[in-house]
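Report on the following structure.
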Number of protein chains: 2
Amino acid sequence: MARSSSGSHRSADERRAQLLDAAVDVLREHGLAGLTTRAVTARAGVPHGIFHYVFGSKAALVRALIDRELTGAATAWGAAVATDDLETALRQAFRAQLDLVRADPEHQAAVFELIRAARDDSDVSAAEWERRQYLAEIQRQLVAWSQRGGVTWDAPVEHVAALVLSATDGIVQTWVADRDDARAEASTGLLARAITSLAHTA
Amino acid sequence: MARSSSGSHRSADERRAQLLDAAVDVLREHGLAGLTTRAVTARAGVPHGIFHYVFGSKAALVRALIDRELTGAATAWGAAVATDDLETALRQAFRAQLDLVRADPEHQAAVFELIRAARDDSDVSAAEWERRQYLAEIQRQLVAWSQRGGVTWDAPVEHVAALVLSATDGIVQTWVADRDDARAEASTGLLARAITSLAHTA
DNA sequence: GTCTATAGCATGATAGAC
DNA sequence: GTCTATCATGCTATAGAC
C-alpha cells in the first residue's frame, strides 16, 4: 500500500472525506458565503477539478455536509440527567445545550447557517427531520424527569417540549450573537424555573 | 418639472430611494445570496452602472438597508397593552410580536438575514443597538405590567427581560422555519404562563 | 452631475487527457 | 477511474463619455 498522506491518485471515497473535512474548515472560517468549490479544494490541497469529479455539484457537497453534521447532533438532548429535582435537571440540560455551542461557536454558527440555507433551497427535509428528532427527545426527557420528581405537567407535554426547544434555541442564538455568558447563564436559570412552574406535584 | 415616473436623468436621491425599494424586493424574493448589484438595478429598471454611482459599493447598500429596516422596528414592543392581568398582557405582547412576522414573513426573514450578515462583517453596531433598544423597551413594559397587576418580579427584571427577548426570538424563528401556527400559539401561551410564574403578588 | 461601456476577476462546471 | 486544462457566466467596480 502507498503512504496515505501524500501523492496523487487517491480513491474517490478518500477524496470525498478529505473534501468534507476541508469544507467544514472553510465554513467555520469564512461562512457560507465563503464556501466555494475553489476554497474547499485549495484547503484540501487538491486540484480544483477534483471537486466536480467527486461531488458532481456544489449542492451535493452542501447536502453531504448537512447529513454529516446533523447525524448525532440530535442525541445532544438525549444525555439523561440524574437528579430527582425537575428544575435542576432542566437547568443542567439547558446548560449542556449551551456548552455544546460554547465549545465551538464558529462550528455551530456554520451549521446553523447551513440548515437555514438548506431550507431556502427547498431541501427542507434535513432541517425538518432534525427538529422532529429534537422534539421527540425533549418530550421523552420531560416525561422521564416529571416521573422521577413525582410531578405532573399542567400542559400537554408536546407543547412544553415545543416551548423548551424554541426558547433554548433563542437563548443559544442570543449567546452566539453577543457571547454574553452572564446573560445566558441568567436566562437558562430563569427558564428552568419558569418551565418547572408548568408542573405541579401530583 | 418633468413627469416623475419615466425618463432618464433623475436625481441621485431619487435613485437612492428607488434602488433601496428594489433591494428590499430582491432580498425578499431571492435572499441575501441573490442580492447582487445587477439584480437590484434590473429590478429598479435602471442601468447597472447607476448602482456604484449612487451607493459607491454593495456594502454601503447593505448598511443603508439595515438602517432603514431597523428604524422604527424597536417600537414594536412599545405598544402598551391595557390590561391588569400580567399573563394576558404577556400573551398579547407575544402574539403581537408573532403577528408582526406573520404579516410579512419573507420580509422579516430577509431582515433577520441582513442583521446576521452584518454581524459577520464586523458591522456589529446596528445589530447590537437594535437588541439594546428591544431589551430596554421590554424591561420598561415588564415593570409597567407588574405595577398594574400589583405583583413583584422574583428575579432581576433585566434577567426576565433577557429571557423574554430570547425566548420570543426563538418562538418567532421557529415559526419562520415551520410556519406551524398552532405550535406557535401554544408556545406563546405557555411562555406567558411560565413568565408570569416568575412574579408573585406583593 | 448623471450615466455608459468596459475592465478584471472569481465562480461553477465540463470536455477530454492520462 | 482519476485528474487537468479550459470554458462560459456573473460578479463588483471604474474610467471616462455625455
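Per chain, numbering begins at 1; letters A, B, ... match sequence-line order.
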What's touching nucleotides 6-11 of chain D from the protein side, N or O pairs under 3.5 Å?
{"unit_1": "D:dC11", "atom_1": "OP1", "unit_2": "B:T36", "atom_2": "OG1", "d": "3.4"}

Applied to residues 39-51 of chain A, the side-chain hydrogen bond (donor to acceptor under 3.5 Å, both in side chains) test, sequence neighbours excluded, yields A:E29-A:R43, A:T37-A:H48
Could you tell me how far apart [X] ([atom1]) and [N] ([atom2]) are, to the nearest whole angstrom?
X     : N      : atom1 : atom2 : result
B:I50 : D:dT14 : CD1   : P     : 16 Å
A:L19 : C:dG12 : CG    : C1'   : 15 Å
A:Q18 : D:dT2  : CD    : P     : 13 Å

What donor-acceptor contacts under 3.5 angstrom involve side-chain atoms of residues 155-173 of chain B, with partners at least two apart or in another chain?
{"unit_1": "B:S166", "atom_1": "OG", "unit_2": "A:T174", "atom_2": "OG1", "d": "2.9"}
{"unit_1": "B:S166", "atom_1": "OG", "unit_2": "B:A162", "atom_2": "O", "d": "3.2"}
{"unit_1": "B:T168", "atom_1": "OG1", "unit_2": "B:V164", "atom_2": "O", "d": "2.5"}

The answer to which of B:Y53 and A:G49 contacts DNA chain C further toward the 5' end, by nearest nucleotide, is B:Y53
Among all residues two or more places apart in sequence or in another chain, which pass the salt bridge (charged side-chain N to carboxylate O under 4.0 Å, His left out) test with B:R148?
B:D84
Could I get the full list of salt bridge (charged side-chain N to carboxylate O under 4.0 Å, His left out) partners for A:D154, not counting sequence neighbours?
none
Minimum-distance nucleotide to A:H52 side chain [options: C:dA13, D:dC3, C:dC3]:
C:dA13
Measure from the side-chain heavy atoms of B:S57 and tell me the nearest of D:dC3, D:dA13, C:dC3.
D:dA13
Is there any ring-ring contact (aromatic ring centres under 6.0 Å, His included) pair reaching into residues 94-114 of chain B, and which pairs are they, with sequence neighbours excluded?
none
Just by modelled atom types, is the B:F51 backbone N or O under 3.5 Å from a matching donor or acceptor in the B:K58 side chain?
no
Are B:R15 and C:dG1 close enough that a side-chain N or O sits under 4.0 Å from OP1 or OP2?
no
